[in-house]
Amino acid sequence: MYSYLKELNEIQRQAVETIEGPSLVIAGAGSGKTRVLTYRIAHMLNLGIHPANILALTFTNKAAREMKERIAKMVGEQTAHYLWMGTFHSLFAKILRFEADLIGYPSSFSIYDTQDSKNLIKTICKELHLDPQVYKSNEVLGRISNAKNNLITAKIYAGNFQIRETDKHSRKPEIYRIYEIYERRCKNAGAMDFDDLLLKTNILFDMHPEVLKKYQEKFKYILVDEYQDTNFSQYLIIKKLALSHQNLCVVGDDAQSIYAFRGARIENILNFKKDYPGFRLFKLEQNYRSTKNIVNAANSVIRKNKNQIQKNVFSEKEQGNKIKIIEAFTDHEEGHIIANMINDIRYSEHHKYSDFAILYRTNAQSRILEEALRKKNIPYRIYGGLSFYQRKEIKDLLAYFRLIINPLDDEAFKRIINYPKRGIGNTSLNKLLNFARENNLSAWQAAIKLNSENIGLSSAVIKKIHEFMGIISKFSAMINTGEAYETARQIAIQSGILKELYGDKTPEGISRYENIQELLNGIKEFTSTENDEGMKPSLVDYIQNVSLLTNEDNTKEEDNDKVNLMTIHSAKGLEFKNVFLAGLEEELFPSKFSSSNISELEEERRLFYVAITRAENQLFISYAKTRYRWGQLDNCVPSRFIRDINPDFIEMENALLSMKNFSKKHTNSIGNQENKAIFTGNSKNTQGDFKQKLKKLNNTSKVSSSNQNSNTKILNEIKAGVFVNHQRFGKGKVLTVEGVFPNAKATIEFDTGGKKQLLLKFAKLEIIKNNT
DNA sequence: TGCGTGCTTCTTTTT
DNA sequence: GAAGCACGCA
């Protein structure tokens with residue numbers, strides 16, 4: 001008997017040892033799911049199954065990487081190397097590149113990220129003269145994405161009466177046309193969006209049975225993690241691949257299905273028995289993570305949902321503390337209390353910072369929490385948010401890479417044709433793009449014809465365009481052969497990006513420059529380790545990988561001892577000794593977009609369940625009675641989810657007692673007193689904000705905004721009144737705001753100190769004696 | 001052509 | 001509190 005099998009409980013062991021035939025592993029929260037998956041794969045390898053015959057699909061690169069590392073430890077690097085383990089998107093992108101010519105794509109196809117897709121949709125809507133108020137790129141993309149995930153191509157979409165009726169009903173009857181053009185443009189640009197990677201895989205398998213057969217033979221054993229989060233498109237791919245051997249093991253927990261918003265179908269796991277009648281079922285119900293109290297509380301919540309597989313998750317750890325409910329007056333105070341408690345517990349329980357997590361529903365909540373932690377000098381780390389790969393400077397450089405690899409890539413072309421500035425303005429670009437569109441060409445192809453076609457561009461501009469193209473072409477010759485890091489560095493230099501950023505000595509500019517360096521280092525690192533085929537990856541390999549990477553794939557593990565901040569979604573699969581769950585207010589959690597519809601509300605409740613079950617020892621749930629939203633103070637109602645917890649497992653934490661002074665001060669400053677205003681502002685919007693808010697001020701008494709750049713948090717309270725005069729704020733200039741109010745005169749001066757930041761230089765408030 | 005300015009809109013979660 | 005867009009001026 002293999003020694004690792006002894007580390008498992010009976011059911012886990014059975015799940016690991018049952019290799020043949022379809023199996024469904026229902027893995028409750030904290031039940032050792034990852035362990036079962038890794039051991040199962042290791043076990044298969046020990047039994048002599050070749051790693052190249054195993055396909056293991058995960059939802060994040062991180063999950064795949066970690067699992068691979070653990071398996072490598074058990075069976076050796078060499079063997080683990082040949083496993084096909086990764087996300088749906090990355091693995092099927094790989095297959096699509098192999099088979100690209102069969103579906104009419106270049107194997108060097110680009111992958112459009114969400115931003116690219118939205119931009120393209122905006123362009124199309126503009127061309128069709130559609131009202132951008134009605135046809136919001138977000139919603140349109142949502143419709144298209146939804147269609148693709150259900151295998152509805154543009155052609156089917158246009159021909160489907162019911163879909164068209166739905167669109168007409170929502171006053172967007174033209175979506176089918178947008179979809180059609182969108183699809184054509186992507187094809188012309190040799191580009192796929194995220195959903196295409198799955199859709200085209202399905203199309204490939206449907207149109208070419210011999211190709212499907214090939215992969216069915218290759219992937220004799222298939223494992224899928226987080227099966228409850230698969231969408232229809234992914235479900236079909238798995239079904240097709242598993243058809244001949246039926247050695248399919250899916251792992252998941254219906255109670256943790258939280259991605260319906262992007263097309264995940266909880267039915268996939270609920271209906272597994274219908275698709276694979278001879279399946280074996282393994283229910284992992286023992287929770288090894290949390291105290292009895294937390295597990296029981298979580299159970300009492302999830303019980304409220306109708307749609308689920310019956311199971312009995314239990315814990316054999318100690319009873320543990322009750323869940324503590326914290327009430328705060330404001331969102332700022334909430335952050336303050338949490339920061340205080342982290343310090344207290346860290347001291348009293350000898351916990352590390354990294355034993356704490358603060359979870360929230362929306363990314364927007366993180367800023368206030370950060371602020372509170374910074375004030376107390378508590379180190380923290382934010383997961384998610386704006387990804388490294390979505391920063392402007394990174395996307396700019398990546399766009400160069402993309403265009404070099406695939407010159408048809410229109411979104412990349414548009415992004416960098418005039419960055420850094422080379423005198424090709426919007427007017428010229430639009431002429432070129434119109435010409436391209438009329439002839440159904442990509443921008444690049446159109447630009448080639450500029451010498452023979454007259455489209456009203458001056459010869460100077462044409463020359464500039466061709467110079468730009470010259471740079472790109474020069475590199476496309478060497479991108480496959482050249483040493484990756486050096487090639488990338490040369491591109492950064494010769495494109496002018498490095499010079500442009502080097503010249504910018506503002507803090508933001510310096511940070512951008514450093515980010516570019518970091519990207520280059522990342523390339524160096526990536527291309528220095530050998531890939532599956534035992535070769536050094538080229539720059540092309542890197543680029544084709546990078547579009548599917550997220551923030552978590554870039555963060556380094558060095559700086560360990562930090563409080564973890566993240567959305568509940570990104571906390572899935574993680575665990576912490578102490579968890580703070582912030583912002584438990586109606587309309588925030590559950591989100592106001594979800595509370596009207598039962599199935600969406602159930603998804604929110606599952607999300608709540610996920611949040612609770614992240615905690616090992618202690619869970620705090622907090623809500624604020626008032627919260628700022630769009631610069632306005634809203635009253636909040638405690639979330640219904642708090643009432644969903646069986647009251648036996650919760651207690652009120654009277655954090656306010658120790659916070660009395662803070663609360664008082666704070667409630668004052670947000671306008672409880674008549675004629676009170678708070679001024680702050682950021683570098684770009686200062687004037688607009690001031691003006692707008694002062695306009696409102698004529699008849700109200702509250703004004704607020706805050707300087708988010710600031711090491712200088714400017715909080716100036718001014719007796720409210722009428723705005724008098726100001727000077728526009730700009731880089732390196734001084735902004736003076738002067739106001740005469742019914743009973744006060746205020747002057748505030750901001751100085752940029754040559755930087756883009758606002759520094760408070762001078763503030764004066766004179767109270768005018770009121771004669772009446 | 002580029003930049004500054006003012007207005008508008010936007011927020012759920014992410015591969 | 002931030003980003004995109006359109007407009008107008010140099």
Side-chain angles (χ1 to χ4, degrees), chain A residues 57-64 86-93 111 113-115 118-119 122 126 132-133 136-138 145 149 193-195 197-198 226 229-231 233-234 258-264 359-365 367-368 383-387 390 392 418 421-429 458 460-461 464 547-553 566-572 583 587-595 600 603-604 606-607 610-611 628-632 680-693 704-709 728-731 733:
Chain A
L57 296 161
T58 62
F59 267 77
T60 62
N61 297 299
K62 197 176 155 210
T87 62
F88 279 84
H89 292 88
S90 68
L91 292 187
F92 293 117
I111 297 175
D113 66 14
T114 312
Q115 200 53 54
K118 274 189 206 164
N119 287 342
K122 271 184 209 162
K126 210 177 277 178
Q133 309 266 20
K136 293 177 185 156
S137 61
N138 236 341
S145 166
N149 286 331
D193 64 18
F194 284 139
D195 305 312
L197 295 174
L198 307 172
E226 309 279 16
D229 287 332
T230 48
N231 63 33
S233 191
Q234 292 165 323
I258 54 175
Y259 284 105
F261 73 90
R262 68 171 210 226
L359 308 183
Y360 36 81
R361 179 69 234 281
T362 67
N363 279 310
Q365 286 165 261
R367 203 179 35 81
I368 290 166
Y383 292 73
L386 184 64
S387 158
Q390 281 166 20
K392 183 188 174 306
N418 199 29
K421 301 246 172 332
R422 30 178 90 83
I424 306 164
N426 274 335
T427 325
S428 308
L429 178 59
S458 72
V461 170
K464 285 175 193 161
S547 24
L548 297 168
L549 291 184
T550 59
N551 216 14
E552 274 16 276
D553 301 306
M566 66 192 89
T567 61
I568 305 168
H569 282 88
S570 31
K572 188 143 159 236
E587 305 213 323
L588 186 56
F589 190 21
S591 149
K592 67 172 169 184
F593 299 97
S594 307
S595 42
E600 286 178 9
E603 171 148 316
E604 293 278 308
R606 291 194 294 271
L607 193 57
V610 169
Y628 274 105
R629 240 158 108 233
W630 299 314
Q632 227 193 323
T680 57
N682 77 31
S683 49
K684 180 173 185 287
N685 286 0
T686 302
Q687 187 211 21
D689 285 356
F690 272 39
K691 219 174 169 181
Q692 256 181 23
K693 278 162 187 164
S704 87
S705 63
S706 84
N707 180 353
Q708 79 277 10
N709 276 344
R728 171 67 176 168
F729 171 79
K731 195 172 162 183
K733 292 178 198 158

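Any value given below was found using the heavy atoms of this structure, including those in side chains, with hydrogens, waters and symmetry copies removed. Naming: A, B, ... by sequence-line order, numbering from 1 per chain.
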Does the side-chain ring of Phe261(A) lie flat on the base of dT13(B), meaning centres under 5.5 Å and planes less than 30 degrees apart?
-> yes
Does dT15(B) have OP1 or OP2 sitting under 4.0 Å from an N or O in the side chain of Thr87(A)?
-> no
Distance in angstrom units between Asp229(A) CG and dT14(B) P, rounded = 13 Å
Between Asn363(A) and dT12(B), does any side-chain N or O lie under 4.0 Å from OP1 or OP2?
-> no
Interatomic distance where OH belongs to Tyr383(A) and C1' belongs to dT14(B) [whole Å] | 17 Å
Ignoring hydrogens and angles, tell me if any N or O in the side chain of Glu604(A) forms a donor-acceptor pair with the backbone of Ser594(A) under 3.5 Å.
-> no
Under the 5.5 Å and 30° test, is Phe88(A) stacked on the base of dT15(B)?
-> no
5′-ward residue of the pair Ser594(A)/Ile424(A) relative to DNA chain B | Ile424(A)
If each of Lys421(A) and Thr114(A) is mapped to the nucleotide of DNA chain B with the nearest heavy atom, which maps nearer the 5' terminus, i.e. the 5' end?
-> Lys421(A)
Contact class for Asn138(A) (heavy atom, under 4.0 Å): base, sugar-phosphate, or nothing?
-> sugar-phosphate
Please name all residues satisfying side chain to side chain donor-acceptor pair (under 3.5 Å) with Gln365(A), sequence neighbours left out, ordered by chain then number.
-> Thr362(A)
Given atom NZ of Lys392(A) and atom C1' of dA3(C), what is their separation to the nearest angstrom?
-> 14 Å
Of the candidate nucleotides dT15(B), dT13(B), dA6(C), which contains the atom at the shortest distance from the side chain of Lys126(A)?
-> dA6(C)
How would you list, by chain and number, every residue that makes a side chain to side chain donor-acceptor pair (under 3.5 Å) with Ser591(A), sequence neighbours excluded?
-> none
Rounded distance (Å) that lies between atom C1' of dT14(B) and atom CG of Asn61(A) = 12 Å
Length of the line joining Lys136(A):NZ and dA3(C):C1', which is rounded to integer Å = 16 Å
Atom CD of Glu603(A) and atom P of dT13(B) are separated, to the nearest Å, by 13 Å
With a non-hydrogen cut-off below 4.0 angstrom, is Glu604(A) in contact with a base, only sugar-phosphate, or nothing?
-> base
Does any N or O in the side chain of Asp229(A) come within less than 3.5 Å of the main-chain N or O of Ala264(A), such that one atom is a donor and the other an acceptor?
-> no
With distance as the sole test, does His569(A) use its side chain to make a donor-acceptor pair with the main-chain N or O of Ile258(A) at under 3.5 Å?
-> yes
Which of dT12(B), dC5(C), dT14(B) is nearest the side chain of Ser570(A)? It is dT14(B)
Side chain of Val461(A): nearest nucleotide among dT1(B), dT13(B), dT9(B)?
-> dT1(B)
Looking for any heavy atom pair under 4.0 Å, which part of the strands does Asp195(A) touch: base, sugar-phosphate only, or nothing?
-> nothing
Within the side chain of Asn418(A), is there an N or O that forms a donor-acceptor pair under 3.5 Å with the backbone of Gly423(A)?
-> yes
May I ask you to say what Lys122(A) touches in the nucleic acid, namely base, sugar-phosphate or nothing, with a heavy-atom cut-off under 4.0 Å?
-> sugar-phosphate
Would you indicate which nucleotide in dT9(B), dT13(B), dT12(B) comes nearest to any side-chain atom of Ser591(A)?
-> dT12(B)
CZ of Arg422(A) versus P of dT1(B): gap in Å, rounded?
-> 15 Å
Would you kindly give the CG-to-P distance between Leu91(A) and dT15(B), to the nearest whole Å?
-> 15 Å
Distance check: side-chain N/O of Asn418(A) vs OP1/OP2 of dG2(B), anything under 4.0 Å?
-> yes
Closest to the side chain of His89(A), out of dT12(B), dT15(B), dT14(B), is dT15(B)
Which of the following nucleotides, dT1(B), dC3(B), dT9(B), is nearest to the side chain of Ser428(A)?
-> dT1(B)
Residue Arg361(A), side-chain heavy atoms: nucleotide from dT15(B), dT9(B), dT13(B) that is nearest = dT13(B)
